[in-house]
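Below: the structure, in structure tokens.
Each chain gets a letter, A, B and so on, in the order its sequence line appears, and its residues count up from 1. All values derive from a computational prediction rather than experimental measurement.
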Amino acid sequence: MKTVLLALLENALAEAREKGFLKDTERPPLVLEVPKREDQGDFATTLALSLAKTQKKAPREVAAELVSLLEGRSDAVQKIEVAGPGYINFYMTQQFWLESLLTVHRERSNYGHCDLGENKKVHIEFVSANPTGPLHVASGRSAALGDALGHLLTAVGYRVSREYYLNDIGVQMTLLGRSTYLRYRELFGETVTLPEESYQGDYIIDIAKKLKERDGEAYLQGTETKHLPVFISYSYETIIGWIREVLDRFGVDFDTWFSEREIHEKKEVDAALARLKSKGMLYQEEGATWVSTTKYGDDKDRVVIKSDGRKTYFASDVAYHRNKFERGYDRVINILGADHHGYVGRLKAVVAAMGYAPDRLTVITHQLVNLLREGVAVKMSKRAGDFVPLQEVIDEVGVDATRFFFLMRRSDTAVDFDLELAKKASNENPVYYVQYAYARLCSIVRVAEEQGWDLSKTIQETKLEDLRSLNLDEERALIKQLAQYPEMIRGAAEALEPHRITFYLQALAGMLHSYYFKCRVVTEDRAQTHARLVLIAAVRIVLKNGLDLLGITAPERM
RNA sequence: GCGCCUGUAGCUCAAUUGGAUAGAGCGCCGGCCUCCGAAGCCGGAGGUUAGGGGUUCAAUUCCCUUCAGGCGCACCA
């Protein structure tokens, strides 16, 4: 959209040099922004302000020179002015804006997409909660964020894979199995004492009951050690089932589920350690094997093989990340809760130590979700069984509202999630404001069609001249907002910040609502109705596109 | 003690990556349905951007510092 202006600026700079207005210094980056206020133009640049210093001239003087070289060079531009300390403000012609409106209809569900990602492969790992219990609300934030990011990156031209990493081996699996085993014996009337470190939530009892139903008394005789594998695998499979189910309901679809156990079985940990060794990054000390992550900025070196010969969890993660890169991903994104942020340094360090360019790995840490119940903090511990499952929130608040709630926040702010408040507030959730705008537009279209309008045919046959009547302030504002959508998407993708989409959509919905109140779309005036239908249909497309990226439904009625 | 994140309207959060007069929602006050959906619209009150210093034409944004909150600092996973 801005390309016309950027080219103009480029030319003006070149000419200015030729004519000797400007000394041939390094060209500052050309930046065009959209001013907040109408009377500051449709676009503005601070070019003259940033040039002023190197040119040793007054900013307004530089601006005036540039303007003289810009004026009359493009029929998309109506007026150019110098304002304030040296801004150059551009006012675009109506034609320019109407063309941008038609672009929305030309591209429809692809409107806002681009090829920023150059078809590169991106791997996004998220949620990855231990399979030792149902997902809790906090995982919902990770799920919503990762999924929306996936949609967003797909839209800007990446090939995205979503992956869940399963910690399906190690002490917590053993603990899980033992917890179920004890509950199982309890079901037969035994009094058991649950060790403090065992999983104590009621869901363990449910698993034990199901196993009892299936296999009866089969595990009462014989030692715990003998039966443990059954209890581990049964508990694990059951829980994975729950996790998949709730994620499915939440609208999150993982392409792959990656098993930590497999990475051990396939000797990939050894391969990763060998790679580190070949780079001279490993050393022995006090009977353990360490990796020199400090050479790449970590706080301290890390143990990969303990003195008892067992590999650390970190060793698996090293292997896992080697695996990601070896699978051919150009970019690897890892979404972690802030409680794991201490992990980022060593992860980035070890990736660099293995010889992969460190900027190929991006770790997004999102701050934690503080759970409240009527204003009082709930201590969440899966082990003690005191936590609010994501399932419960979805049931009571709904998928759309929950997703929107999490996606409204920048990931590095902590959020309070008050279950009681969320239930009360669900009717006031901003998501309904956006969805209502969409439903309202669908309703207008229905009315128009009842009166004989064929929307798609009308749009198809629309010429720019048919839209000339769209010159109310509200209409111009709407069109400008629509025109900004592609750039908003691009910016959100570059910054990996899906929350920008939620704010954009709220703004667009707000503009639509007030336009609706002020102007009637379907009237006796055929020409005006035609133009307005084209406008609101474009709004409808953009609302839908944005909601799709967030994984939120766009209901035609509500 | 060290490190990371955060501090913006009463509350929950934005702010075009350093730009012009810091914006929304909720809540509060006052208006608007004979009319395409009132889950909506219009108006009002509400701010020393935690405090202090610095960098420059320009700072909520970058640097230093103080204070406050969250999280992390294992041969655990």
Side-chain angles (χ1 to χ4, degrees), chain A residues 31-37 39-40 44-46 49-50 52-53 58-60 83-87 89 130 132 167 169-173 175 197 260 285-290 299-300 302-314 316-317 337-345 365-368 370 405 408-416 418 421 425 427-437 439-448 450-451 484 487-488 491 494-495 499-500 502-503 506-507 509-510 512-523 529 532 536 557-558:
Chain A
V31 182
L32 277 170
E33 47 196 44
V34 179
K36 293 171 212 160
R37 293 161 47 113
D39 60 348
Q40 294 169 347
T45 180
T46 57
L49 288 166
S50 48
K53 186 186 286 178
R60 286 193 69 103
Y87 295 94
N89 295 341
N130 281 350
T132 54
N167 303 118
I169 190 174
V171 294
Q172 86 278 5
M173 281 293 107
L175 268 174
E197 70 275 13
E260 182 187 0
E285 196 174 291
E286 295 173 25
T289 305
W290 299 68
D299 300 336
K300 50 184 90 165
R302 307 292 171 175
V303 172
V304 280
I305 303 176
K306 297 185 265 183
S307 49
D308 66 3
R310 305 178 65 165
K311 285 153 189 143
T312 60
Y313 174 80
F314 181 56
S316 313
D317 237 16
D339 50 344
H340 292 103
H341 80 261
Y343 221 71
V344 178
T365 54
H366 64 80
Q367 294 301 308
L368 298 179
N370 304 314
F405 177 84
M408 272 168 59
R409 270 82 174 171
R410 225 173 61 226
S411 58
D412 49 13
T413 61
V415 313
D416 290 338
D418 190 318
L421 197 65
N427 280 326
E428 290 154 8
N429 191 304
V431 73
Y432 296 107
Y433 186 76
V434 177
Q435 290 181 318
Y436 184 65
R440 182 171 246 178
L441 292 178
C442 291
S443 172
I444 298 175
V445 169
R446 281 194 294 269
V447 169
E450 277 164 23
Q451 299 191 9
Q484 273 175 263
E487 230 169 306
M488 182 279 299
E494 278 170 346
H499 80 270
R500 297 188 189 190
T502 66
F503 282 89
Q506 288 180 82
L512 185 276
H513 284 309
S514 48
Y515 179 59
Y516 170 88
F517 184 83
K518 185 167 178 185
C519 301
R520 216 186 143 78
V521 174
V522 184
T523 62
T529 302
R532 289 182 174 176
I536 64 145
R557 299 168 197 273
M558 52 193 290

- Over how many whole Å does the gap from A/K300 atom NZ to B/A74 atom P extend? 4 Å

- Query: Do A/Y343 and A/D317 touch side chain to side chain, with heavy atoms closer than 4.5 Å?
  - Reply: yes

- Message: Any base atoms under 4.0 Å from A/V445, or only sugar-phosphate, or nothing? Heavy atoms, all strands.
- Response: nothing

- Task: Please check if the side chain of A/N130 supplies one atom and the backbone of A/T132 the other of a donor-acceptor pair under 3.5 Å.
- Result: no

- Side-chain-base donor-acceptor pair under 3.5 Å for A/R409 and B/U12: no

- Query: Does a side chain donor of either A/H513 or A/R440 reach within less than 3.5 Å of an acceptor in the other side chain?
  - Reply: yes

- Give a yes or no answer on whether the side chain of A/W290 reaches the backbone of A/V304 with a donor-acceptor pair at less than 3.5 Å. no

- For A/R310, answer base if it contacts any base atom (sugar-phosphate contacts may also be present), sugar-phosphate if it contacts only those atoms, and nothing otherwise; contact means non-hydrogen atoms under 4.0 Å. nothing

- Closest-nucleotide ordering on RNA chain B, the 5'-leading residue of A/R520 and A/F503: A/F503

- Taking all non-hydrogen atoms of both residues into account, name the closest pair between A/F405 and A/V415 and its distance. CE2-CG2, 4.4 Å

- Task: Just call it for A/C519: base, sugar-phosphate, or nothing, with non-hydrogen atoms closer than 4.0 Å on any strand.
- Result: base

- Looking at every strand, decide which applies to A/N167 at a 4.0 Å heavy-atom threshold: base, sugar-phosphate, or nothing. nothing

- Is a donor-acceptor contact shorter than 3.5 angstrom present between the side chain of A/S443 and the base of B/C36? no

- If you look at every strand shown and take non-hydrogen atoms under 4.0 Å, does A/A437 touch a base, only sugar-phosphate, or nothing? nothing

- Once each nucleotide of nucleotides 25-31 of chain B is scored for protein heavy atoms under 4.0 Å, what B/S/- sequence comes out, 5' to 3'? -SS----

- Message: Mind checking if A/M488 touches a base, just sugar-phosphate, or nothing, with heavy atoms under 4.0 Å?
- Response: nothing

- Counting any heavy atom closer than 4.0 Å, what does A/A495 reach on the DNA or RNA strands: base, sugar-phosphate only, or nothing? base

- Query: With a non-hydrogen cut-off below 4.0 angstrom, is A/L368 in contact with a base, only sugar-phosphate, or nothing?
  - Reply: sugar-phosphate

- Message: When you measure only distances, ignoring hydrogens and angles, does the side chain of A/D39 come within 3.5 Å of the base of B/A20 through a donor and an acceptor?
- Response: no

- Message: So for A/H340 and B/G72, does any side-chain atom that can act as donor or acceptor lie under 3.5 Å from a complementary atom in the base?
- Response: no

- Query: Heavy atoms under 4.0 Å, any strand shown: does A/D317 hit a base, just sugar-phosphate, or nothing?
  - Reply: nothing

- Query: How close do A/P85 and A/R60 get, heavy atom to heavy atom, and via which atoms?
  - Reply: O-CG, 3.5 Å

- Query: Touch check for A/A439, heavy atoms < 4.0 angstrom, all strands: base, sugar-phosphate only, or nothing?
  - Reply: base

- Base, sugar-phosphate alone, or nothing: which one does A/A414 contact when heavy atoms must sit under 4.0 Å apart? sugar-phosphate

- Message: Does B/C33 count as syn, meaning its glycosidic angle lies within 90° of 0, or as anti?
- Response: syn

- Please report, rounded to the nearest Å, how far the C1' atom of B/A77 is from the CG atom of A/D339. 12 Å

- Length of the line joining A/E33:CD and B/A20:C1', which is rounded to integer Å: 9 Å

- Message: Using a 4.0 Å heavy-atom cut-off, does A/S307 contact any base of the nucleic acid, only the sugar-phosphate backbone, or nothing at all?
- Response: base

- Using only heavy-atom distances, decide whether a donor-acceptor pair under 3.5 angstrom links the side-chain of A/E286 to the base of B/C75. yes

- Would you classify A/K36 as touching base, sugar-phosphate or nothing, given that sugar-phosphate means primed atoms plus P, OP1 and OP2, and contacts are heavy atoms under 4.0 Å? base

- Taking for A/V34 and for A/D308 the nucleotide of RNA chain B with the nearest heavy atom, the one nearer the 5' end belongs to A/V34

- At under 4.0 Å between heavy atoms, what does A/D299 touch on the DNA or RNA strands: base, sugar-phosphate, or nothing? nothing

- Message: Quick test of the criterion, 5.5 Å between centres and less than 30° between planes. Is A/Y87 stacked on B/A20 or not?
- Response: yes

- Could you give the CZ-to-C1' distance, from A/R410 to B/G23, as a whole number of Å? 15 Å

